[in-house]
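Notes to accompany the following structure.
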Amino acid sequence: MFGFKLPFAVSLLAATALAQSYDAPGRTDGKYEISSEGIRALFIPYGASITNLFIEDKSGVERDIVLGFDNATHYSVDAFHPHLGGVPGRYANRIKNSSFVIDGEDYHVDANENGGLDTLHGGSDGWDYRNFTVVAHTSTSITFSIVDPDGKEGFPGEVISYITYTVTPNTWHIKMVALATTKKTPIMLSSHTYWNLDGFSNPDTPTALNHTLSLPYSGQRIGVDGILIPDGSILPNQKYSVNDFWSSPKQIGANISSPELIGNCGSGCIGYDNAYLVNRAQNGPYDWRTEGPVATLASEWSGIQVDIWTDQDAFQVYSCGGQNGTLPIKSTQGLPSRPRVVEKYGCVVMEVEDWIDGINQPEWGRLSKQIFGPGDEPYVLEARYEFSVNEG
Ligand SMILES: *[C@@H]1O[C@H](CO)[C@@H](O)[C@H](O)[C@H]1NC(C)=O
Ligand SMILES: *[C@@H]1O[C@H](CO)[C@@H](O)[C@H](O)[C@H]1NC(C)=O
Ligand SMILES: *[C@@H]1O[C@H](CO)[C@@H](O)[C@H](O)[C@H]1NC(C)=O
Ligand SMILES: *[C@@H]1O[C@H](CO)[C@@H](O)[C@H](O)[C@H]1NC(C)=O
Ligand SMILES: *[C@@H]1O[C@H](CO)[C@@H](O)[C@H](O)[C@H]1NC(C)=O
Ligand SMILES: *[C@@H]1O[C@H](CO)[C@@H](O)[C@H](O)[C@H]1NC(C)=O
């Protein structure tokens, strides 16, 4: 038994030593920088989170276009932050009744939302509330790892995951890999980044309602109840309806005063918090790297546009209707004349992921993409965020 455990202990020691040798070189704020032409990004081990993303706007001014904190240590202190820029895991989004069945066995996981009615983002100590280990860091790339133990938050079996962020000119690449090493378990990851393509510096508005969104493959969305739990239905995003971002691009706020938008993001909520399906297979085989972006978000004021490419089959959009002016923006953002906080609708979260709560909807046929066991192919998520500037 001792002989069996020793190599594991040694490899843990090695991993720890490795982590220490990559202690945020050249910075004093606990953040790790990577950069390439036209792009500079900062990350922290906490949640393997992006904290800053600098892109030049149409006037050549660098804008920090994601939400986060100035201070890396503040994430652990102020744990009420809403999953800022991290990797929700081991199962992103919601799990109905905080339960699921694998091979006839019932599992119950930490019910951390709506007073215990469901699980959000892997439970109260989900991956984006834990420190990952930095296992590699170069000037253009950083890799984080996490070992999620058997039984943590109620999930069966150990999961080992590697998250690699790389930059090439004007592009941020994400690759997430996860292995279930001991038991069959649900795995679904995402990147929970909050965007404001103006860096909160648009003098006309502190919100993202004037950002234009296009979801060309998303003619359908997942039907949910009043607390955003999938009810099994798949709904049509009919042309000109509030959820139509496929027939033509539209500002996020274009339908803000439409009665149809009331309750669209849960009971009493006006705006978006919806999982749009990404339907690309109907025209034959495709390669996500060349097929076309699944989403485009652009701001006319800054001119900054992001095209999102991914291998994932769903795309969650949250228009930050829950923000209420209490979450701070960073010193790299905002205008001197305005409160240094995120206003209602001040941001947009866009999550590449699989069909949410697919583990409880076997009729959707997503189980092979969401349940993984020892010996299976690893879970893989890839995405690419391409930035460009519209001069107009
Ligand atoms: C960062 O946050 C920690 C914890 O809140 C605090 O002790 C420290 O003084 C802060 N550092 C800076 C530079 O703000
Ligand atoms: C919901 O979970 C509880 C225990 O957490 C369980 O007793 C009950 O059967 C579950 N309900 C459904 C509909 O799955
Ligand atoms: C994460 O690491 C930071 C820096 O070492 C530390 O201050 C913080 O307490 C850690 N947080 C958690 C949740 O372990
Ligand atoms: C939503 O906005 C678009 C673009 O302005 C418009 O064509 C459409 O009719 C609106 N739909 C509703 C339901 O208000
Ligand atoms: C910004 O959005 C608001 C609300 O949706 C709209 O009334 C206004 O015309 C938009 N402004 C621009 C410049 O597009
Ligand atoms: C604002 O939102 C935060 C986080 O959801 C919440 O804790 C706080 O009570 C809210 N404040 C107001 C004034 O609604």
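One-based numbering along the sequence shown. Counting starts at 1 for both ligands and their atoms, following the listed order.
- Defined by atom type and a distance below 3.5 Å, a donor-acceptor pair is present between the side-chain atoms of Ser98 and Thr119.
- In terms of protein heavy-atom proximity, atom 10 (C) of ligand 3 is nearest to Asn131 ND2, 2.5 Å.
- Contact atoms of ligand 4 toward Ser258: 13 (C), 14 (O) (distance under 4.0 Å to a heavy atom of the residue).
- Between the side chains of Thr185 and Arg90, a donor-acceptor pair is found at a separation under 3.5 Å.
- Ligand 3 has no N or O atom lying under 3.5 Å from any N or O atom of Arg130, backbone or side chain.
- Shortest contact from atom 2 (O) of ligand 6 to any protein heavy atom: Asn324 ND2, 2.4 Å.
- Remark: the Asn279 side chain and the Gln220 side chain contain an N/O donor-acceptor pair separated by less than 3.5 Å.
- Inside a 4.0 Å radius of atom 12 (C) of ligand 6 there is at least one protein heavy atom.
- Closer than 4.0 Å to atom 7 (O) of ligand 6 lies none of the heavy atoms of the protein.
- Geometrically, ligand 4 and Tyr240 share a nitrogen or oxygen pair separated by less than 3.5 Å.
- Residue-ligand proximity, Glu260 to ligand 4, at heavy-atom distances under 4.0 Å covers atoms 13 (C).
- Between the side chains of Gln238 and Asn243, not a single donor N or O lies within less than 3.5 Å of an accepting N or O.
- Under 3.5 Å, the side chains of Glu37 and Asn170 contain no donor-acceptor pair of N or O atoms.
- Between Trp172 and Tyr165, the distance separating the two ring centers is shorter than 6.0 angstrom.
- Judged by the 6.0 Å and 45° rule, Arg40 forms a cation-pi pair with Phe54.
- At under 3.5 Å, a nitrogen or oxygen of Ser76, whether backbone or side chain, sits near a nitrogen or oxygen of ligand 3.
- Counted by atom type alone, Asp29 and Asn71 present zero donor-acceptor pairs between their side chains at under 3.5 Å.
- Protein heavy atoms are absent from the space less than 4.0 angstrom from atom 4 (C) of ligand 3.
- Close N/O approach between Asn255 and ligand 4 is found [any backbone or side-chain N/O within under 3.5 Å].
- Within ligand 3, counting atoms from 1 as listed, the ones closer than 4.0 Å to a heavy atom of Tyr129 are 13 (C).
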